[in-house]
Amino acid sequence: MIEDSQPVPSTSASTSKVPNSAASRAPNSSSSRAPNSRAPISSSKEDDPDSLVRRLAGPSAGKAGLATDQSDINRIIAEASKGSKFYENEKRKDKDLTERIDKILKLRDEVTRGVDLAKVEAGVDALLTELEGKRDLSQTIVHVDMDAFYANVELLDNPSLKGKPFGVGHGVLTTASYDARKFGVRSGMAGFIAKKLCPELIFVKNHFARYSEMSKKIMAVFQRYDADMCPMSCDEAYLNVTGYCKEHGITAEECVSEMRAKVEEETKLTVSAGIAPNKMLAKNKPNGQYCLPFEREAIMDFMNKLSIRKIPGIGRVNERLLESIGIKTCGDIYIHRAVVSLMDKQFGLHFLIQTYLGIASNVVQPHAREERKSIGAERTFNTLGDKEKLLQKLEEVAQELEDDMEHSGWTGRTVTLKYKLDTYQVFTRARSCDRWVNKKEELFKLGKELLLPELPLKLRLIGLRVTKLKDLRAEDSVAGIKRFFEPAKAEDEGSNKKRKLDGSPQVHGASAEVLQEAMPGFHEDNDADMVEYPEDDDGAVDEDVFTPASPSKKPKSKAHSSRTSKPALLAEQECPICGKTMEVDNQGLNDHIDFCLSRDVILQAQTEASVEGRPASKRKNKR
DNA sequence: GCGGATCAC
DNA sequence: TATGGTGATCCGC
């Protein structure tokens, strides 16, 4: 199996601005712009820069294939945002990034001056050959994800929504139905913006308990095809079906067709799948659906046209940085390999070359509990400036965190306070201590010590996170408890080592617990296209991903009328998630479960990057 | 060890 | 008229 390689792009640079200048030699190629769009006709010069308009469209905007007329939609979004603090913050970030790019370009000019690029390219070609030798086409990796998961579950439960544009979620949408997506409505979009794009838009509440229920069914199906399947969220997973196909004497396509049919049969929900020799290719669903020939040529050809933004680890920032040196597609990486090589620190040569070759990790393993690095809670609220009120928010967050840590069995040594100003700027303040912390009073006290010196501030978010974790369920509980009372010192790290690869079974933990832990966080994702998968590339259109917020706990709730319609049927019920018992009716229990699911749970997942190289990003930013 | 940044989901 | 939450990683100090 191939381990992913390295770091990725990153940034950094010196300062100042630079008139692009020579550049290596920007060959036209795809790096040049679409002829149409960029006419200098940008009438109003004080218009938002193109980069800002794109930024305001949200993280998902660039990721999906989206129609080419996206610019109109972006305009509307930018217009609706204008003047808000959110907008100003985005503008600031866009400006900072633009400056950062100027520095990079200047650095590039310095670094390439008088250099024999052909020679540099020759060196890269040697690396290329070396990496090519590591190509592994022996494994059959599948990436599956549900089509518009939340929206389709809602559709299942409320058929009258069929054919109508609707969004799931309140202030911010967790999902947009296909009919809403036609208007440019996306998950993660603020409700009022969505309404502007689509006045007819219907808002539907989230029903997390339902999604969880369906998710379990789906995952159970996937697991039949790969016991080591790795769930990435409630509607997405990677599988290695090499063994299954061999055992049953079937092809990957047959296997996946069958699996998809099973999911649909058992849940009435549809699932998209990509089959390829590694995770990156599978996720990009070559040809929209299904298989890409497991051959070097086909893979190289596919990669050549693939937008750099589709590569995991390349987000909006890295996309712009790479674009600034002429790299928009993976094929462009080769064209500009000399510059990438000379600026390895900034861009990550190894990672990019691997990406160009279409080589990535093909290791699929579920995430182990002991890989967890942190646990936290945070809450957004209407801007507050009053000290007492802020402390109250902090206390609430501390309580939530305690509940979570207790429920999941963790304690830790370092507490980090996070706060967001009303300007949307984010800051963190941390403190490590000598004892293990997981109780509300401790969390609150430490948080307070970190927050008070910063006041006065006007905040819109407060969060707490604990790191340097110790697993209170590791080993036998006796040792775990014993340690809890011992002074926190570096030695114990044993519990956090990865013992996952030694084949030992998943330690113990109640089966219910294990199941819960395996349940990934919730978020809606991907556009899975509203169409059939086109023949040509550009088939699959991954869009964005949005993890739902916890249910808004209306702090104000004046005229709350809930009392008026309290149904009968009250009964002592136990929440399957947190175990708490309460006297409620079914609706009440459901609401509580929704609450639990939305804030609690949370996958241990995610740690995959540390196991297989990740394309992380390294940036380097001053200030 | 801390703080800022970027990213995935 | 209200632009999320959880977790990870990397870099520079």
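Model, not experiment: these values are computed from the prediction. Quick note on labels: first sequence line is chain A, next is B, and so on, each numbered from 1.
With distances taken from any side-chain atom of A/Arg429 to the nucleotides B/dA5, B/dG4, C/dT6, the minimum falls on B/dG4. The side chain of A/Arg413 lies closest to B/dG1, out of B/dG1, C/dG5, B/dG4. The side chain of A/Asn318 approaches B/dC7 more closely than any other nucleotide in the set B/dC7, C/dG5, B/dA5. Comparing C/dG5, B/dT6, C/dT6 by their nearest atom to the side chain of A/Arg100 picks out B/dT6. Here the nucleotide nearest the side chain of A/Lys373, chosen from C/dT3, C/dA8, C/dA2, is C/dA8. Relative to the side chain of A/Lys468, the nucleotides B/dT6, B/dG1, C/dT3 differ in distance, and B/dG1 lies closest. Which of B/dG3, C/dT1, C/dG5 sits closest to the side chain of A/Phe192 comes down to C/dT1. Which of C/dT3, B/dG1, C/dG4 sits closest to the side chain of A/Ser432 comes down to B/dG1. In the set C/dG4, C/dT6, B/dA8, B/dA8 carries the atom at the smallest distance from any side-chain atom of A/Arg309.
Residue A/Arg465 is classed as a base contact, given a heavy-atom separation below 4.0 Å to a base. A/Ile193 comes within 4.0 angstrom of a base, heavy atoms only. Nucleic acid contact for A/Tyr424: sugar-phosphate only, since backbone atoms but no base atoms lie under 4.0 Å from a heavy atom of the residue. Within the 4.0 angstrom heavy-atom criterion, only backbone atoms of the sugar-phosphate kind lie near A/Gly315; the bases stay farther away.
The shortest distance between the side-chain N/O atoms of A/Lys195 and the OP1/OP2 oxygens of C/dT3 is not below 4.0 Å. Not one side-chain nitrogen or oxygen of A/Lys93 sits closer than 4.0 Å to the OP1 or OP2 atom of B/dT6. Contact check, A/Thr380 against C/dG5: a side-chain N or O comes under 4.0 Å of OP1 or OP2.
Side chain to side chain, A/Thr414 and A/Ser432 meet the donor-acceptor criterion of an N or O pair below 3.5 Å. No hydrogens or angles considered: a donor-acceptor pair under 3.5 Å links the side chains of A/Gln392 and A/Glu396.
Ranked by how close their nearest DNA chain C nucleotide is to the 5' end, A/Ser374 and A/Leu461 are led by A/Leu461.
Pairs passing the salt bridge (Lys or Arg N to Asp or Glu O under 4.0 Å) check and including a residue from residues 414-433 of chain A, sequence neighbours excluded, read A/Lys85-A/Asp422, A/Glu378-A/Lys418, A/Asp422-A/Lys458, A/Arg429-A/Glu454, A/Arg431-A/Glu449.
Between the side chain of A/Ser81 and the base of C/dT3 there is at least one donor-acceptor pair of N/O atoms closer than 3.5 Å.
Residues passing the salt bridge (Lys or Arg N to Asp or Glu O under 4.0 Å) test with A/Asp386: none are found, sequence neighbours excluded.
Checking side-chain atoms of A/Lys279 against main-chain N and O of A/Tyr238 turns up no donor-acceptor pair under 3.5 Å.
Atom name P, nucleotides C/dT3 and B/dA8: the rounded distance is 24 Å, in whole Å.
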